Amino acid sequence: MSFPLLTVTAAVPAVGAILTAAVPAARRTAAKWLALLFSLATLALAVLVAIRFDPTGDRYQLTESRPWIADFGVRYELGVDGIGVVLIGLTALLIPFVIAAGWHDADPLAASDSGSAAGKSYRWRPTQGFFALILLVEAMVIISFEATDVFLFYIFFEAMLIPMYFLIGGFGDRAHGGSEENAATQRSYAAVKFLLYNLVGGLIMLAAVIGLYVVAGNFSLQEITAARAAGTLDMSTNTERLLFLGFFFAFAIKAPLWPLHTWLPNAMGESTAPVAVLITAVVDKVGTFAMLRFCLGLFPDASKWATPVILVLALISIVYGALVAVGQRDIKRLVAYASISHFGFIILGIFAMTSQGQSGATLYMVNHGLSTAALMLVAGFLISRRGSRLIADYGGVQKVAPVLAGTFLIGGLATLSLPGLAPFVSEFLVLVGTFARYPVVGIIATTGIVLAALYTLVLYQRTMTGPVKEEVRTMPDLRLREVLVVAPLIALLIGLGVYPKVLTDIVNPAVEYTMSDVKQTDPKPEVDVEAKNGEVAK
């Protein structure tokens with residue numbers, strides 16, 4: 001039996017979570033270093049997965065398959081395609097930065113390293129539990145990207161809600177002001193709303209998973225898609241559409257897609273900045289990934305049937321999220337609504353049913369994770385210094401903290417997809433792929449780019465430029481630990497913006513398989529290029 005690399009990659013952070021939680025209460029610093037060590041070990045394994053993966057080889061590689069619940073046809077089946085490889089890499093890459101950025105977020109009864117009174121925790125916050133929960137989420141997200149058994153995927157798709165609930169409700173941000181009681185109420189509301197929304201989606205998906213088993217007789221993604229390709233899967237049109245809707249509803253909540261998005265601004269606003277990054281840059285990507293792997297793979301005809309409505313919902317997400325972001329007074333909620341707009345672009349690319357659109361959507365998942373992490377973590381450092389999330393409480397920060405302001409600007413420019421930074425490539429591919437098949441939809445989607453420039457530049461102008469407000473006059477610049485958190489993310493945003501080929505070479509073959517699942521080919525240009533060249537030659 002070959003080495004179970006995928007199992008080990010998911011198991012290492014799970015083991016790290018157990019060991020971190022077991023560290024004695026007085027050894028908080030040891031718990032932090034232990035969590036960071038296990039996150040780095042997971043990153044090394046993710047790099048090994050990428051090295052072992054052959055983009056020109058089979059669709060699913062490094063596969064593992066063992067009996068699990070044999071009486072119900074459930075197997076422990078893992079495998080990765082190019083899309084799964086890059087998302088596992090994104091997850092493993094971001095978690096060490098999340099841990100390092102949140103180094104003092106769960107310290108008991110002590111100020112954060114910013115030295116501000118707002119950084120104080122007014123109740124006991126178990127440091128070990130905070131970092132253990134982060135590692136546990138990482139383990140569950142990674143195995144979700146690896147699972148090729150539908151039931152196995154469902155278990156971890158739902159299980160990750162529990163540690164996220166405690167991270168939101170138990171380790172929230174008090175920077176919005178008010179009493180500790182009010183802060184606790186807001187945290188609890190955000191955590192419960194997050195849990196209820198996603199549980200409802202999960203319950204509907206569970207009914208669809210059971211229905212799929214009744215129709216197919218097993219939960220294996222590869223066996224079901226092979227049976228469909230061979231014409232031996234007996235699934236009526238109405239049944240396929242109902243099952244698709246059950247799966248898509250759960251994924252649209254996780255993504256999130258308008259109008260199922262309302263939990264995200266609350267969850268991100270009440271979380272610490274590292275946990276907010278964990279939500280939108282890591283956990284939410286499971287929803288869009290699952291649309292590619294399960295919705296299009298298991299229900300291709302229903303996916304095409306639902307495409308017009310999904311494209312409309314994606315457009316609403318793009319424009320609505322950007323418009324609401326423009327009017328936000330809270331920094332973290334602005335980033336949350338911007339993310340809703342960006343997820344609209346990702347879903348638009350998936351359901352444009354073109355290779356450019358789906359490649360762009362996959363790259364968008366990665367690049368959005370990097371840009372949002374950079375912007376939100378710097379915003380968290382800023383908020384911890386001032387003790388406020390309100391944009392109006394800032395002004396002139398670039399004069400007293402130029403490094404902080406500079407990194408904030410780069411993160412913002414990446415968010416608006418400035419050419420030369422990684423998100424531009426993915427957004428460009430999504431729009432090209434959409435224009436090729438749905439030109440009117442593509443035209444409307446471009447309004448999101450204009451609005452992104454508006455809310456990003458207005459945010460920077462109001463917080464970083466202008467007269468220096470008295471409250472920020474003594475604000476310290478980024479410290480070494482904070483620079484070490486942000487600098488690699490900025491380097492990746494620039495590097496992947498200049499040379500995205502390192503990702504597209506892995507992603508494109510997987511997208512070709514997805515396009516074959518839905519039996520779609522890219523539309524041909526309306527102008528016959530060869531004929532046009534011939535006319536020019538004459």
Side-chain angles (χ1 to χ4, degrees), residues 83-84 86-95 98 134 137-138 140-145 153 156-165 167-168 190-191 193-202 205 247-271 273-295 313-314 317-318 321 325 332-333 335-350 361-377 415 423 426:
I83 299 170
V86 297
L87 292 177
I88 290 171
L90 172 69
T91 303
L93 175 70
L94 289 181
I95 296 302
V98 167
I134 291 174
V137 171
E138 179 182 23
M140 292 178 176
V141 169
I142 287 176
I143 203 166
S144 297
F145 291 142
F153 169 83
F156 289 97
F157 179 82
E158 286 293 279
M160 70 180 70
L161 301 179
I162 304 304
M164 286 306 307
Y165 169 81
L167 284 170
I168 297 168
K193 188 173 184 179
F194 162 82
L195 188 64
L196 288 179
Y197 265 67
N198 284 275
L199 279 179
V200 169
M205 181 182 169
F247 278 75
F248 181 80
F249 184 78
F251 303 153
I253 292 176
K254 184 85 78 178
L257 178 68
W258 185 93
L260 306 171
H261 67 283
T262 59
W263 63 268
L264 183 64
N266 295 100
M268 289 184 65
E270 299 306 322
S271 300
V275 173
V277 170
L278 192 64
I279 294 169
T280 190
V282 176
V283 172
D284 287 355
K285 299 300 187 299
V286 178
T288 46
F289 163 81
M291 291 179 188
L292 276 167
R293 173 168 282 190
F294 296 103
C295 286
L313 296 179
S317 288
I318 292 169
K332 292 167 76 173
R333 290 178 69 91
V335 178
Y337 279 105
S339 292
I340 291 169
S341 180
H342 295 149
F343 275 105
F345 274 108
I346 294 171
I347 296 170
L348 183 69
I350 293 171
T362 304
L363 291 181
Y364 215 129
M365 294 184 219
V366 176
N367 296 331
H368 171 262
L370 296 174
S371 62
T372 300
L375 181 61
M376 179 59 81
L377 292 179
T415 299
S426 45

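All values below were derived from every heavy atom in this structure, side-chain atoms included, with hydrogens, water molecules and symmetry-related copies excluded. Computed from a predicted structure; not experimentally measured.
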Novice: With sequence neighbours left out, what residues match S339 under side-chain hydrogen bond (donor to acceptor under 3.5 Å, both in side chains)?
Specialist: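 Residues passing side-chain hydrogen bond (donor to acceptor under 3.5 Å, both in side chains) with S339: T280, H368.
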Novice: Take F345 and I318 through the test side chain to side chain contact (heavy atoms under 4.5 Å, CB included) and record every step on the way to the result.
Specialist: CA-CA 6 Å; F345 274 108; I318 292 169; 3.6 Å; yes
Novice: Identify the two heavy atoms, one from F289 and one from S144, that lie closest to each other, and give their separation to 0.1 Å.
Specialist: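 Scanning both residues completely, I find the closest heavy atoms to be CE2-O, 3.7 Å.
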Novice: P163 and A159: which non-hydrogen atoms are nearest, and at how many Å?
Specialist: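 Minimum heavy-atom contact is CD-O, 3.2 Å.
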Novice: Taking the six-membered ring for Trp, are Y364 and H342 parallel (under 30°), tilted (30 to 60°) or perpendicular (over 60°)?
Specialist: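 Ring orientation of Y364 relative to H342: tilted.
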Novice: Kindly give the heavy-atom pair with the smallest separation between L264 and A336, and that separation in Å.
Specialist: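 Closest approach of L264 to A336, heavy atoms only: CD2-O, 3.8 Å.
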Novice: Taking all atoms of both residues into account, what is the closest heavy-atom pair of F251 and C295, and its distance?
Specialist: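 Here F251 and C295 meet closest at CD1-SG, 3.6 Å.
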Novice: Is it true that a side-chain atom of K254 and a backbone atom of A290 form a donor plus acceptor pair closer than 3.5 Å?
Specialist: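 Answer holds: no.
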Novice: For M164, run the side chain to side chain contact (heavy atoms under 4.5 Å, CB included) check against N198, I134, V275 and tell me which one passes.
Specialist: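 Per the side chain to side chain contact (heavy atoms under 4.5 Å, CB included) rule, the option paired with M164 is V275, out of N198, I134, V275.
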Novice: Quick check for you: to the nearest 0.5 Å, what is the distance between L87 atom CG and K285 atom NZ?
Specialist: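 That separation rounds to 8.5 Å.
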Novice: Any chance you could measure T415, atom OG1, to L370, atom CG, to the nearest 0.5 Å?
Specialist: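 The distance works out to 11.0 Å.
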Novice: Let me confirm one number: the CE-NZ distance from M376 to K332, rounded to the nearest 0.5 Å.
Specialist: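 Result: 6.5 Å between the selected atoms.
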Novice: So, taking the atom named CG in L167 and the one named CG in L278, what distance separates them when rounded to the nearest 0.5 Å?
Specialist: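 Between L167 CG and L278 CG, I get 6.5 Å after rounding to 0.5 Å.
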Novice: Side chains of F343 and L257: does their closest heavy-atom pair fall under 4.5 Å?
Specialist: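 Side-chain contact under 4.5 Å: no.
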Novice: Considering only heavy atoms from C-beta outward, does the side chain of M160 approach that of V141 to under 4.5 Å?
Specialist: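 Counting from C-beta outward, M160 and V141 do come under 4.5 Å.
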Novice: Do L292 and M365 pass the side chain to side chain contact (heavy atoms under 4.5 Å, CB included) test, and can you show the C-alpha distance, the side-chain angles, and the key distance before you say yes or no?
Specialist: CA-CA 12 Å; L292 276 167; M365 294 184 219; 3.7 Å; yes
Novice: Quick one: CD1 on I340 to CE on M268, what's the gap to the nearest 0.5 Å?
Specialist: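 CE of M268 is found 9.0 Å from CD1 of I340.
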Novice: Locate the shortest heavy-atom distance separating P259 from T262; write the atom from each residue and the value.
Specialist: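 It is O-CG2, 4.5 Å.
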Novice: Do L90 and V282 make a side-chain contact, defined as non-hydrogen atoms from C-beta onward lying under 4.5 Å apart?
Specialist: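 The answer is no, as the side chains (C-beta and beyond) never meet within the 4.5 Å cut-off.
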Novice: Suppose we screen for side chain to side chain contact (heavy atoms under 4.5 Å, CB included). Which residues come up paired with Y165, at least two apart in sequence or across chains?
Specialist: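 By the side chain to side chain contact (heavy atoms under 4.5 Å, CB included) rule, Y165 matches A191, V192, L195.
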Novice: Nearest heavy-atom pair of A250 and G201: which atoms, and what distance?
Specialist: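 Looking at all heavy atoms of both residues, the shortest contact is CB-O, 3.2 Å.
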Novice: Is there a side-chain contact between F153 and V286 in this structure, where contact means two heavy atoms from C-beta onward sitting under 4.5 Å apart?
Specialist: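 Heavy-atom side-chain distance check passes, below 4.5 Å.
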Novice: Excluding sequence neighbours, so at least two apart, what forms side chain to side chain contact (heavy atoms under 4.5 Å, CB included) with L260?
Specialist: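 With sequence neighbours excluded, L260 shows a side chain to side chain contact (heavy atoms under 4.5 Å, CB included) to F249, A252, I253, given in chain and number order.
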Novice: Is it true that a side-chain atom of S317 and a backbone atom of W258 form a donor plus acceptor pair closer than 3.5 Å?
Specialist: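 Side chain of S317 to backbone of W258: a pair is present.
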Novice: Could you tell me the separation between the CG atom of L313 and the CD1 atom of I347, rounded to the nearest 0.5 Å?
Specialist: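 If we round to the nearest 0.5 Å, L313:CG and I347:CD1 are 8.5 Å apart.
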Novice: Apply side chain to side chain contact (heavy atoms under 4.5 Å, CB included) to the pair F194 and L161, showing each step before the final yes or no.
Specialist: CA-CA 8 Å; F194 162 82; L161 301 179; 3.8 Å; yes
